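Proteins get letters first, then strands, A, B, ... in listed order; numbering begins at 1 in each. What you are looking at is a predicted structure, and each value in this text was computed from that prediction instead of being measured. Atoms considered below: every heavy atom in the structure, side chains included; atoms not considered: hydrogens, waters and symmetry mates.
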There are 2 protein chains.
Amino acid sequence: MPESDYPDIRGLHLFKDMADEHFLSLTRGAYVQNFPPQIELITEGDPSDFLHILLSGSVDLFSTWNGRETSMATVRPISTFILAATIRDAPYLMSARTLEKSRIALIPSQDVRSVFDGDNSFARAIVTELAQCYRSVVKNTKDLKLRTSLERLANYILRQQNRRGGASEFDLDFEKRRLASFLGMTPENLSRAFKGLQPYGVTVNGNRISIDNQKDLERFAKPSPLIDDVST
Amino acid sequence: MPESDYPDIRGLHLFKDMADEHFLSLTRGAYVQNFPPQIELITEGDPSDFLHILLSGSVDLFSTWNGRETSMATVRPISTFILAATIRDAPYLMSARTLEKSRIALIPSQDVRSVFDGDNSFARAIVTELAQCYRSVVKNTKDLKLRTSLERLANYILRQQNRRGGASEFDLDFEKRRLASFLGMTPENLSRAFKGLQPYGVTVNGNRISIDNQKDLERFAKPSPLIDDVST
DNA sequence: TTAGGTGTTTGATAAATATCAAGGGGATGA
DNA sequence: TCATCCCCTTGATATTTATCAAACACCTAA
């Protein structure tokens, strides 16, 4: 693994407080690779040989069953993915594919587990990270079970807006059909859902979303910190 | 906290390997309480003051939004709940209510966090537990997004059957309307879904489920270890 | 510039799911 | 024993969501 990648990884909350020697023993066995778009990095059900760290690009986590497929999450740099499987030495529950050209560090899961046994601040960082991941998935379940697809879309738009500091116009950062899959609907219905938000002041032009009437949209979407806040 | 409760709690994976002195400092501040049925123990959004451990009885974790409510999980003894919120010192994402008369140990979250900082085997046990919880929720999301309600019910029945060692007849262990909510459907539709499984050899009589044609049901349900296995 | 290809949108229709209203059945308590 | 309550079921209907087919828009490469 090239030393130039060290700072990025070291800066992650997960690795920030651990002892230098342990960090080194993680990076010793690690390697970094560049992948083209649309490469399947991980297939669900496979043993979790590596903890993955996305350094640049983006990765889609998805799952399949009985010929159907659904997008579970999008990973953006710089963050790890498939941490829980690594920790439990259990098979991956989700598959992963690159969405664009991506640079990814791979740390042997075995190394992660043994350093985790020997380095307490690393173990603690993992706990915090996992608790965060857990809470994200719980929020997602609430979103799915308590809201209609129109409400999910409305709240998604508000969350995106928040991520961009509240701008009233912004571009969707991925394909609509993947957004549809992530929101648990078909592309056709996403298209209709965008229209269904017009009465609340949402205009769509290609990938560009404008929120013309913030208040109306919020009144409809009823965002809740216990579902929509990213951090807590 | 009465000493008679120590062994049960100490036996949990979470507390098994920790130092005696740390276990004592957890139990010192803890107390045990008996609750009648239908008591709301926790309200989502509240600060996570206590880690809860269910010693006997059963507890429903549920969430609400905009006047709607959905059951997220059922907790059975002996296990903890609301671990992630405790760790992150973040508000509860789910509410909890007793389903029957329940005995619950309450450990101040502050104590959990400080022991967690000082006891490595405790920290590691928490990681393992959290990773497990995370994976459960991911499986649940896959179940929700990839399956129709009929398929979810069919797989639920097979999972229950597994939990009871494969018996071809068993009783549902909770109200159908809560099962419906857990599976993400209305009580009316659950009722119809049970009928919809008759062609696959499922008979329902009150709370009693019989699987008359295991093969047929499995062929329809297509259970997958990556969604339906409890352990991995 | 044009021809394909891919992703999106639209319309028509079908399927799945929810809602509303009424009826049934078992438990509980007077 | 009967009345009451609560839950579950059933039927009719409405809403939501998916599917299928076709048109459209945009991009890329010849």
Side-chain angles (χ1 to χ4, degrees), chain A residues 36-38 60 62 65-71 97 99-101 143-157 171-199 202-209 220-221, chain B residues 36-38 60 65-71 97 99-101 143-157 171-200 202-209 220-221:
Chain A
Q38 303 300 331
D60 184 37
F62 65 99
W65 178 79
N66 193 27
R68 299 167 209 164
E69 177 179 322
T70 191
S71 171
R97 77 162 70 91
L99 291 171
E100 48 190 320
K101 193 166 166 300
D143 193 43
L144 280 169
K145 291 184 79 177
L146 291 167
R147 290 171 171 163
T148 66
S149 58
L150 199 59
E151 290 163 344
R152 289 201 294 279
L153 177 60
N155 281 290
Y156 175 84
I157 290 173
D171 286 330
L172 290 175
D173 48 7
F174 48 67
E175 285 180 301
K176 286 185 186 169
R177 67 159 146 177
R178 260 180 18 77
L179 174 57
S181 177
F182 174 72
L183 292 176
M185 54 210 274
T186 56
E188 292 96 326
N189 269 328
L190 176 63
S191 200
R192 291 177 188 118
F194 273 124
K195 288 203 162 172
L197 290 180
Q198 274 178 13
V202 174
T203 324
V204 183
N205 201 307
N207 267 355
R208 189 143 202 89
I209 309 287
F220 171 74
Chain B
Q38 303 300 331
D60 185 38
W65 178 80
N66 193 28
R68 298 168 209 163
E69 177 179 323
T70 191
S71 171
R97 77 163 70 91
L99 291 170
E100 47 191 320
K101 192 165 164 303
D143 193 43
L144 280 169
K145 291 184 78 177
L146 291 167
R147 289 172 171 163
T148 65
S149 59
L150 199 58
E151 291 164 342
R152 288 200 295 278
L153 177 60
N155 281 290
Y156 176 83
I157 289 174
D171 286 330
L172 290 175
D173 49 6
F174 48 68
E175 284 181 301
K176 286 186 186 169
R177 67 161 144 175
R178 260 180 15 78
L179 174 57
S181 177
F182 173 72
L183 292 176
M185 55 211 271
T186 57
E188 292 96 328
N189 269 328
L190 176 62
S191 201
R192 291 175 188 120
F194 273 125
K195 289 204 161 171
L197 290 180
Q198 276 178 12
Y200 306 102
V202 174
T203 325
V204 183
N205 201 305
N207 267 354
R208 189 144 202 88
I209 308 288
F220 171 74

Just compare D/dT19, D/dC7, C/dT9 and give me whichever is closest to any side-chain atom of B/Arg177.
D/dC7
For atom CZ of B/Arg68 and atom C1' of D/dT16, their distance in whole Å:
12 Å
A side-chain contact here means heavy atoms from C-beta on lying under 4.5 Å apart; do B/Leu153 and B/Leu183 qualify?
yes
dist A/Arg178:CZ -> A/Leu99:CG (nearest 0.5 Å) comes out at 4.0 Å
Could you check whether atom CG of A/Asn66 has more than 12 heavy atoms from other residues, nucleotides or ligands sitting under 6.0 Å from it?
yes
Straight-line distance of A/Asn205 CG to A/Arg208 CZ, nearest 0.5 Å
9.5 Å
Minimum heavy-atom separation for B/Ser71 to B/Ser181, with atom names?
N-OG, 2.8 Å
Grab the CD-C1' distance between A/Gln198 and C/dT10 for me, whole Å please.
13 Å
Report the distance from atom CG of A/Leu150 to atom CE of A/Met185, rounding to the nearest 0.5 Å.
7.5 Å
Nearest-nucleotide pick for B/Met185, side chain only, options being C/dT9, C/dA18, D/dA18
C/dA18
Sequence neighbours excluded, every pair satisfying ring pair (Phe, Tyr, Trp, His ring centres under 6.0 Å) that has a member inside residues 178-200 of chain B
B/Tyr200-B/Phe220
Given atom CZ of A/Phe194 and atom P of C/dT10, what is their separation to the nearest angstrom?
12 Å
Search all heavy atoms of A/Arg68 against all heavy atoms of B/Thr148 and return the closest pair with its distance.
NH1-N, 4.0 Å
note: B/Lys145, atom NZ; D/dT17, atom C1'; distance rounded to Å ~ 15 Å
Considering only nitrogen or oxygen atoms on both sides, find all protein atoms under 3.5 Å from nucleotides 22-28 of chain C and state each distance.
none

Return the value, rounded to whole Å, for the distance between atom CG of A/Asn205 and atom P of C/dT8.
14 Å
Under the side-chain hydrogen bond (donor to acceptor under 3.5 Å, both in side chains) rule, collect the residues that match up with B/Asp173, sequence neighbours excluded.
B/Arg76, B/Arg163, B/Arg164
Beyond-backbone contact of B/Lys176 with B/Asn207, side-chain heavy atoms, under 4.5 angstrom
yes
Can you tell me if B/Asn189 touches the phosphate of C/dA18, counting only side-chain N or O atoms and a distance under 4.0 Å to OP1 or OP2?
yes
The reported gap from CZ in A/Arg192 to NZ in A/Lys195 (rounded to nearest 0.5 angstrom) is 9.5 Å
Rounded to the nearest angstrom, tell me the gap between atom CZ in A/Phe174 and atom P in C/dG7.
15 Å
Where the side chain of A/Arg152 meets the backbone of A/Arg147, is there a donor-acceptor pair that is under 3.5 Å apart?
yes
Angle by which the axis turns from one end of the helix from C/dT1-D/dA30 to C/dA30-D/dT1 to the other, five pairs per end, to 10 degrees
30°
Dump the pairs, protein N or O against N or O of nucleotides 11-13 of chain D, anything under 3.5 Å, distances to one decimal.
from   : atom 1 : to       : atom 2 : distance (Å)
D/dG11 : N7     : B/Arg192 : NH2    : 2.8
D/dG11 : O6     : B/Arg192 : NH2    : 2.9
D/dA12 : N6     : B/Arg192 : NH2    : 3.1

Nearest-Å distance, CG (A/Asn207) to P (C/dT8)?
8 Å
Kindly state which residues belonging to residues 147-154 of chain B come within less than 4.0 angstrom of DNA chain D, counting heavy atoms of the residue only, listed by number.
none
Rounded to whole Å, how long is the line connecting atom CG of B/Leu190 with atom C1' of D/dC7?
12 Å
Rounding to 0.5 Å, atoms CG (B/Asp143) and CH2 (A/Trp65) come to a distance of 8.5 Å
Note, A/Asp60 side chain near A/Phe174 side chain (heavy atom, < 4.5 Å)
no
